[in-house]
Structure formats: C-alpha cells, structure tokens
Amino acid sequence: MSDEPAPTSKDFIREIIDEDLASGKHDGTVTRFPPEPNGYLHLGHAKSICLNFGIAQEYGGRCHLRFDDTNPTKEDVEYVDSIKEDIKWLGFDWGEHLYFASDYFEKLYDWAVYLIKEGKAYVDQQTAAEIKSGRGDLQTPGINSPYRDRPVEESLDLFQRMKAGEFGDGVMVLRAKVDMAHANLNLRDPVLYRIVHAEHHRTGDKWCIYPMYDYTHGQSDAIEHITHSLCTLEFENHRALYDWFLDNIPVPSRPRQIEFSRLNLNYTVMSKRKLLQLVTEKHVSGWDDPRMPTLSGIRRRGYPAAAIRNFCKTIGITKFESTNDFALLENAVREVLNQEAPRFMAVLDPIRVVITNYPEGQVEEMEAVNNPEKPEAGTRLVPFSREIFIERDDFMEDPPKKFFRLSPGAEVRLRSAYFLRCDEVIKDAAGNIVELRGSYDPETRGGENPPDGRKVKATIHWVSAAHAVEAEVRLYDRLFASEAPDRGEGSFLDHLNPDSLTVLSGARLEPNLASVVSGETVQFERLGYFCADKDGSQERPVFNRTVGLRDSWAKAQNQG
RNA sequence: AACUCCGUGGUGUAACGGUAGCACAACAGAUUUUGAUUCUGUUUGUUCAGGUUCGAAUCCUGGCGGGGUUGCCA
C-alpha cells in the first residue's frame, strides 16, 4: 500500500496541503478521523479513513482518532470498540493519538464562560419551540430572544447552575450571540450547550450539560493542533460557525475545515439511520450481515481491506456529489482476490457421475495448482475416485450450439484429473436426471492432452464423492434491487432484493476446504470467491460468496 | 429568486490557457487445464448562450440543472 507509485495528479485537498506546506503556513500535517460512537462504520467512513490516515502517511504527519461523543443519549462503548477494530482492519493506526471530545469538556466549559464574559454568549430560557420559531427560516430573518441582552452576571450564574444540575432537561440552553438575521442559519445564535441528565459512556454522571457538535468540533481540532479538518459536504454551511468560534475563543491553533463529497454507491443505502433500521427490523442478521455496507459486513463477506483501500483511491476526492458504480467496488475486490486467493474445487449443486472404467476402490491423489497467478503458492493433493460430483449446470442433455461442457457423447477435462466422456444419463421415474455414467481416458492423467492430439473445449471442476465434505454455502446478492433505493417515494425497504440471500445446504467441497479458517477468502474454481464463515465448523463448513467470477457464458445466456 | 457549493463519455475521475487522458462498464478478437485471469482493439464526453484570447473543459457574464442548509443530532 505504500510502495505504489505516487499519483500523477492530486485531489484538491492534497493540493491545498501542498500549498500550505510550501507557503510555510504549516510545517507538518495533522488530520483526524472523528466518528461519533453511535453506530458501526461503513464504506462511507472508509473513504474518510483512507483520506485522513492516507494523507498522514503520505505527508509524514499523523492522524488522530477522535470520538465525537457529545451526545450521551446515543452513544455507547460497544460502538467505540467496533470502530477501533474496523479502522485497524482497514490497515490504519492512530498510534498514541486516541482522543475523545469528552476529554475536552472542562476546557470547553471554561471557554463557554469566557464567551459569556465577553458578551458573546447568553443563557436562553425560551422553550425549544420558541427558539425554533424565533430562528426564522430560509426566507425570513430570525428575531432576537428576549433573554439575549440579559446581564453577563445573570448568564454566568445561570450557566453555572445549569452545570450544577439545578434545572431539568431542556429548561434552558447556552447560546452564542452572533446574528439572528444572518443568511446562514447556523449563525442565528446557535445553541452551545443543552441540559441532558444522562449517563455518558466516559464521563459518567459528572456532567448534565453537554456541548453541541458545532461548539465542540473546531475547538477540539484546535486543541489537538489539527491542521486540516476534513469533513463531508453537509458541513459546508457550518464552516462559518466553525471559524466564528476559532475567531472568538483564545484557541491554541488554527485548523482549517475542508469539505469533500461523501461516498454514494448504487444499489446501496449508506445512512446510519437506515442501516440501523435494517438491523433492528431484522431485514438482515445484524451489523455484520455480509450484505451490509458496514465494514464488519463486508469483512464477513470476504472483501479484503486492500481492495477497499484501492477502491477509495480509485473513486478520488472531489466536491461533486456522485454515485459510484457497485461494479467498481467488485472489480477492486476481484483484482486483489485474483492475486491472493488460493484455489479449491467445490460443487454447489452436485450431480453424481460414475466413471465406469475407473477401478472400483481406487483412489488417486491428484496434484492441483493452488494459485496460477502465484506459482510460489505451490500445489496441493486432491483425492480422485470412481464416483465424483460435478456441477449440475455443467451438464446439459440437449445442449445449445456454444455449450462446451458435458453432454451425452461429449468430452471435457476434469480439472487436474482426467478427460471424461459422458456415456449415459440415468433418470428417475419422473424424468429427472439423477446420475451420469461416463468413462475416463487414463492417458490424460493430470488433465494433460492425450498423445492422439484430442482436445476439449472445456474444463470443469469436480469433487470425489467419497471424500467430499458437505457444507452450507450462502450466496449473497445485492441487498437492494433498485439502483437508488433512497430515491423516489415510499420506503427504501420497498426496494429490498428478495433474492439477496440463497442458502445452499448440500454443497460438496474438496476435503482441503474443511481446514480453511474463518474469515479467510478462497476461490472456488470457476465459481467465485468464498469466505469461510464463523458459523461453520470443520465438520460442516459454512462459506459466504464474496463475489462471483466474471461469467461471460452466463451473460451470453441472459442476453440470448 | 435566501444563502452556499457543484456540473467532463453509461459510471467515476484527470487535464492548473496549448493533442480531452485513465479506470470501471459495454462490445469485438487473441491466449487459456478456471467460459476466470491476461493481452489487443472498438464505441461513447467538456450543461447551454454570449464574451476575453492566436488558442477556453479551464478565465468573465448570464441561463439551465443538481446538492446542502430552517435539531436543544453529528
């Protein structure tokens, strides 16, 4: 990840950093990743993580992990732990720089007192509804609160008593005194502190007043000497307020907020609220359901961290709100897995083949290549015997013109084994094909072409019936059937893909597959990449389909 | 008709006044003990109208289109 060639062009944020370094504005670069611990990280966060930690790596700076934990009613340590785990999995390290906004509560309180004394903040006793209506709207200016010009001493006293717990939730708030007529609504006397009598996951019951995001973020950046505070576009309108605090409070440094567009993917929803809803309403099995765009979900699905990093590099950083093609992500996944994943044979939908001219009771250990892209991965032994399973799809009794696989009288290569010809089709009373009979050519051992120069058009995978391990295989498809489940009327849930999960309970695996450890992704030859799931055991493995191989045959069929 | 940000092939993303390039997707072909991979080729683009300039995707003006903003969420 670090030995790749430097990109020939830089995104606008890196250009800004270059300028700041060149002009001497900064002599180092410090970024931060500031999740709120109220949910699991998803692909959108991965974009931000790759940006912030990536910049720190490239510029020899550092990136802080700072939990933005100013709302105790929504936050929990469960999320803190999962977030840390996900960042590490992605391949990044915050070193010693783990912080919590709640670490700064004392400092922020002092600064609030400072603002009051400066005449730049006041305690407002209006109700939430009064504050809302007093703010005006996009067209109309707001009006001043009747408490706006109360004496400094009075605000000071009230604020201290807010902190002391004398008042109930929502009774009063601390507001900045900016401009109730400002075109940017964020500057119409924003709330700085609210009363919330709730246990905080770090500070316990020490506080009953909590600072708002806007009041917290920039000052936290300043305390940590963040140079470039990178966030998504929805905070663009907050920048003026971010700067207002830095201008009016004696902060120790001057960070700069820069916004970029968030990640959108088609066939996916990415908002925390919607992901939470999928989990709580049991449309998926949990935050780590392999269909979820959460980092824990895609990890369980088998997506390699390197693929996510490459993907984030490919999509770039801009201010344009775009929607990326899911195929781009899948391409990144296949690219890494094609290089890395060891190959095995597995038959998902088995049909028995009896090789009539193969000696009964004989077993041969066939040598198979582990990864043609990586010779150093070596070879393994796969048992071969008189009765094998092949994929039902690899046989057609009455094949169309371009079908290269097995059919009556036709010959194919069994991967790493022998040429096989189909001689006979056995059916049950209902006419269903229940078994095939065929013969092999002993002169093609290892799958070599025979001396007579005969060739076959196809190579298929197989598993020795007596040695096969039965397994459950979960075929995942996109969670949503429509490209933009968010758009249009109705709920995004209306767009759930009913076929997003197909469970196959009778798959047969080559025996080597039983020892693949949970979390490892392998290739089932000719089928796709599959990740061993934690639900499985050596006796009965469970595999999740990460992504299928490209399949030009299937594509041609669908078009035909 | 408030403020603000943004418009480059189907989808993303480069080009910093000088040949519109790259990736993905799509479509052909070659190779192949995975109908995979790999390789080669093809199709498709600067939102519009003016202006500045020898020269504009790029600078200016206006139009059109899209996003964000009216939490005591972040």
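What you are looking at is a predicted structure, and each value in this text was computed from that prediction instead of being measured. Values reported hereafter were calculated over all heavy atoms of this structure, with side chains retained and with hydrogens, waters and symmetry mates removed. Chain naming here is simple, since letters A, B, ... match the order of the sequence lines and numbering starts at 1 in each.
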Asker: What contact category does A/P372 fall into here, base, sugar-phosphate, or nothing, at under 4.0 angstrom with non-hydrogen atoms?
Answerer: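 Base contact - A/P372 has a heavy atom under 4.0 Å of at least one base atom.
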Asker: Say we look at B/A36 and B/C24: how far apart would their P atoms be, to the nearest angstrom?
Answerer: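 The answer is 16 Å between these two P atoms.
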Asker: So which of residues 326-345 of chain A are in contact with RNA chain B, with a heavy-atom cut-off of under 4.0 Å?
Answerer: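 By residue number: A/A327, A/L328, A/N331, A/N338, A/R343.
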Asker: Go through residues 443-456 of chain A and report each residue with a non-hydrogen atom lying under 4.0 Å from RNA chain B, sorted by number.
Answerer: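 Correct list: A/G446, A/G447, A/E448.
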Asker: Assign the ring pair A/Y210 / A/H200 to parallel, tilted or perpendicular, where the plane angle (0 to 90°) is split at 30° and 60°.
Answerer: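 Judged by the thresholds at 30° and 60°, the geometry between A/Y210 and A/H200 is parallel.
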Asker: Mind calculating the distance between CG (A/D189) and C1' (B/G71) to the nearest angstrom?
Answerer: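 The distance from CG of A/D189 to C1' of B/G71 comes to 16 Å, rounded to the nearest Å.
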Asker: Sort me out a list of protein N/O and nucleotides 42-47 of chain B N/O pairs below 3.5 Å, or just none if empty.
Answerer:
none

Asker: Report yes if at least one side-chain N or O of A/R526 is closer than 4.0 Å to OP1 or OP2 of B/G35; otherwise report no.
Answerer: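 Yes, such a contact exists.
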Asker: Show every salt bridge (Lys or Arg N to Asp or Glu O under 4.0 Å) that has at least one partner inside residues 265-275 of chain A, sequence neighbours left out.
Answerer: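 Those involving residues 265-275 of chain A are A/K274-A/D486.
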Asker: Measure all distances between protein nitrogen or oxygen atoms and nitrogen or oxygen atoms of nucleotides 28-31 of chain B, and list the pairs falling under 3.5 Å.
Answerer:
none

Asker: Is A/K132 close enough to B/G71 that one of its side-chain N or O atoms is under 4.0 Å from OP1 or OP2 there?
Answerer: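 For A/K132, the contact criterion (side-chain N or O under 4.0 Å from OP1 or OP2 of B/G71) is met.
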Asker: Rounded to the nearest Å, what distance is computed from the OH atom of residue A/Y210 to the P atom of nucleotide B/A74?
Answerer: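 Roughly 12 Å, once rounded to whole Å.
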Asker: With a 6.0 Å cut-off on the ring centroids, do A/Y213 and A/F235 count as close?
Answerer: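 Yes, the ring of A/Y213 comes within the 6.0 Å limit of the ring of A/F235, centre to centre.
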Asker: Within the distance-only criterion (no hydrogens, no angle test), does the side chain of A/T546 pair as donor or acceptor with the backbone N or O of A/Y303 below 3.5 angstrom?
Answerer: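 Checking the backbone N and O of A/Y303 against the side chain of A/T546, no donor-acceptor pair under 3.5 Å is found.
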Asker: Taking Watson-Crick (N1-N3 plus N6-O4 or O6-N4) and G-U wobble (N1-O2, O6-N3), each under 3.5 Å, can you produce the dot-bracket string of RNA chain B? Use [ ] for crossing pairs and | for inter-strand ones.
Answerer: .((((((..((((....[..)))).(((((.......)))))....(((((..]....))))))))))).....
Asker: Looking at residues at least two apart in the chain, or sitting in another chain, which of them share a side-chain contact (heavy atoms from CB on, under 4.5 Å) with A/C208?
Answerer: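 Counting only residues at least two positions away or on another chain, A/C208 forms a side-chain contact (heavy atoms from CB on, under 4.5 Å) with A/H197.
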Asker: Is the ring pair A/Y40/A/W287 parallel, tilted or perpendicular, if the boundaries are 30 and 60 degrees?
Answerer: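 Rings of A/Y40 and A/W287: parallel, as their planes differ by under 30°.
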Asker: Does the side chain of A/T318 get closer than 4.0 angstrom to OP1 or OP2 of B/U13 through an N or O atom?
Answerer: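 True: A/T318 side-chain N/O within range (under 4.0 Å) of B/U13 OP1/OP2.
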Asker: Does a nitrogen or oxygen in the side chain of A/T70 sit under 4.0 Å from OP1 or OP2 of B/A74?
Answerer: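 Yes, because at least one side-chain N or O of A/T70 sits under 4.0 Å from OP1 or OP2 of B/A74.
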Asker: For nucleotides 17-20 of chain B, tabulate all protein N/O to nucleotide N/O atom pairs closer than 3.5 Å, reporting atom names and distance.
Answerer:
none

Asker: Scan A/F320 against the nucleic acid and name what it touches under 4.0 Å (heavy atoms): base, sugar-phosphate only, or nothing.
Answerer: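 The answer is sugar-phosphate, as A/F320 gets under 4.0 Å only of primed atoms, P, OP1 or OP2.
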Asker: How far, in whole Å, is B/A26 from B/G17 if one measures between their P atoms?
Answerer: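 Per the computed distance, 37 Å lies between those P atoms.
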Asker: Does A/R273 make a side-chain N or O approach to OP1 or OP2 of B/A74 shorter than 4.0 Å?
Answerer: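 Checking B/A74 against A/R273, no side-chain N or O comes under 4.0 Å of OP1 or OP2.
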Asker: Is the A/Y440-A/Y418 ring centre distance short of 6.0 angstrom?
Answerer: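 Distance test on ring centres: under 6.0 Å, yes.
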Asker: Dump the pairs, protein N or O against N or O of nucleotides 2-5 of chain B, anything under 3.5 Å, distances to one decimal.
Answerer:
from, atom 1, to, atom 2, distance (Å)
B/C5, O2', A/E236, OE2, 3.1

Asker: What does A/S133 touch in the nucleic acid at a heavy-atom separation under 4.0 angstrom: a base, only the sugar-phosphate, or nothing?
Answerer: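 No contact at all - A/S133 keeps every heavy atom at 4.0 Å or more from the nucleic acid.
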Asker: Could you give the distance separating B/U44 and B/G9 at their C1' atoms, to the nearest angstrom?
Answerer: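 B/G9 and B/U44 have their C1' atoms separated by 5 Å.
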Asker: Could you give the distance separating B/G50 and B/U13 at their C1' atoms, to the nearest angstrom?
Answerer: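 30 Å, rounded to whole Å.
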Asker: Once salt bridge (Lys or Arg N to Asp or Glu O under 4.0 Å) is applied, what residue pairs with a partner in residues 324-340 of chain A remain, sequence neighbours excluded?
Answerer: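 Of all non-adjacent pairs touching residues 324-340 of chain A, those that pass salt bridge (Lys or Arg N to Asp or Glu O under 4.0 Å) are A/E340-A/K374.
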Asker: Mind checking if A/I131 touches a base, just sugar-phosphate, or nothing, with heavy atoms under 4.0 Å?
Answerer: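 If one applies the 4.0 Å heavy-atom cut-off, A/I131 turns out to touch a base.
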Asker: Base, sugar-phosphate or nothing for A/E36? Non-hydrogen atoms, less than 4.0 Å.
Answerer: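 It contacts sugar-phosphate atoms only.
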Asker: Hey, can you tell me if A/H45 and A/F33 have their rings parallel, tilted or perpendicular (30° and 60° cut-offs)?
Answerer: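 It falls in the perpendicular class, over 60°.
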Asker: Both A/S552 and A/D325 contact RNA chain B. Which one's nearest nucleotide lies toward the 5' end?
Answerer: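 Its nucleotide being nearer the 5' end, the pick is A/D325.
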Asker: According to side-chain contact (heavy atoms from CB on, under 4.5 Å), who are the partners of A/N370, at least two apart in sequence or on a separate chain?
Answerer: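 Only A/A377, A/R380 meet the side-chain contact (heavy atoms from CB on, under 4.5 Å) criterion with A/N370.
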Asker: With respect to the phosphate group of B/G71, does any side-chain polar atom (N or O) of A/R135 fall under 4.0 Å of OP1 or OP2?
Answerer: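 The answer is yes; a side-chain N or O of A/R135 sits under 4.0 Å from OP1 or OP2.
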Asker: Any side-chain N or O of A/R194 under 4.0 Å from OP1/OP2 of B/A74?
Answerer: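 A/R194 to B/A74 OP1/OP2: side-chain N or O found under 4.0 Å.
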Asker: With a non-hydrogen cut-off below 4.0 angstrom, is A/V191 in contact with a base, only sugar-phosphate, or nothing?
Answerer: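 Contact class for A/V191: sugar-phosphate only.
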Asker: If we check salt bridge (charged side-chain N to carboxylate O under 4.0 Å, His left out) with A/R262, which of these qualifies: A/E321, A/E236, A/E234?
Answerer: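 The residue from A/E321, A/E236, A/E234 that satisfies salt bridge (charged side-chain N to carboxylate O under 4.0 Å, His left out) with A/R262 turns out to be A/E234.
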Asker: Please give the distance between the P atoms of B/U61 and B/C22 as a whole number of Å.
Answerer: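 Rounded to whole Å, the distance is 34 Å.
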Asker: Less than 3.5 Å apart, which donor and acceptor atoms pair up between the side chains of residues 181-190 of chain A and the rest of the protein, not counting sequence neighbours?
Answerer:
from, atom 1, to, atom 2, distance (Å)
A/N184, OD1, A/N186, N, 2.9
A/N184, ND2, A/N237, O, 2.8
A/R188, NE, A/R135, O, 2.9
A/R188, NE, A/M180, O, 3.4
A/R188, NH1, A/H182, O, 2.5
A/R188, NH2, A/R135, O, 3.0
A/R188, NH2, A/D137, O, 2.8
A/R188, NH2, A/T140, O, 2.6
A/D189, OD1, A/R148, NH2, 3.1
A/D189, OD1, A/V178, N, 2.7
A/D189, OD1, A/D179, N, 3.4
A/D189, OD2, A/Y122, OH, 2.7
A/D189, OD2, A/R148, NE, 2.7
A/D189, OD2, A/R148, NH2, 3.4

Asker: Pick base, sugar-phosphate or nothing for A/T216, based on heavy-atom distances below 4.0 Å to the nucleic acid.
Answerer: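 It contacts nothing in the nucleic acid.
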Asker: Could you check whether A/R415 gets within reach of a base, just the sugar-phosphate, or nothing at all, counting any heavy atom under 4.0 Å?
Answerer: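 Since a base atom lies under 4.0 Å of A/R415, the category is base.
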Asker: Give the ring-plane orientation class for A/F105 versus A/W207, where under 30° counts as parallel, over 60° as perpendicular and anything between as tilted.
Answerer: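 Ring orientation, 0 to 90° scale: perpendicular.
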Asker: Would you confirm whether A/T323, through its side chain, and A/N266, through its main-chain N or O, come within 3.5 Å as a donor-acceptor pair?
Answerer: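 It does not hold such a pair.
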Asker: Would you say A/K457 places a side-chain N or O within less than 4.0 Å of OP1 or OP2 belonging to B/U33?
Answerer: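 The answer is no; no side-chain N or O of A/K457 sits under 4.0 Å from OP1 or OP2.
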Asker: What is the nucleic acid contact for A/M172, judged by heavy atoms within less than 4.0 Å: base, sugar-phosphate only, or nothing?
Answerer: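 Here A/M172 touches no strand at all.
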Asker: Taking any heavy-atom pair under 4.0 Å as a contact, classify A/R188: base, sugar-phosphate, or nothing.
Answerer: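 Result for A/R188 = nothing.
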Asker: If you only use heavy atoms from C-beta on, which nucleotide in B/C72, B/C27, B/U37 is closest to the side chain of A/A128?
Answerer: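 Nearest nucleotide to the side chain: B/C72.
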Asker: Choose from B/A23, B/U33, B/A74 the nucleotide whose nearest atom is closest to any side-chain atom of A/D68.
Answerer: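 So the side chain of A/D68 is nearest to B/A74.
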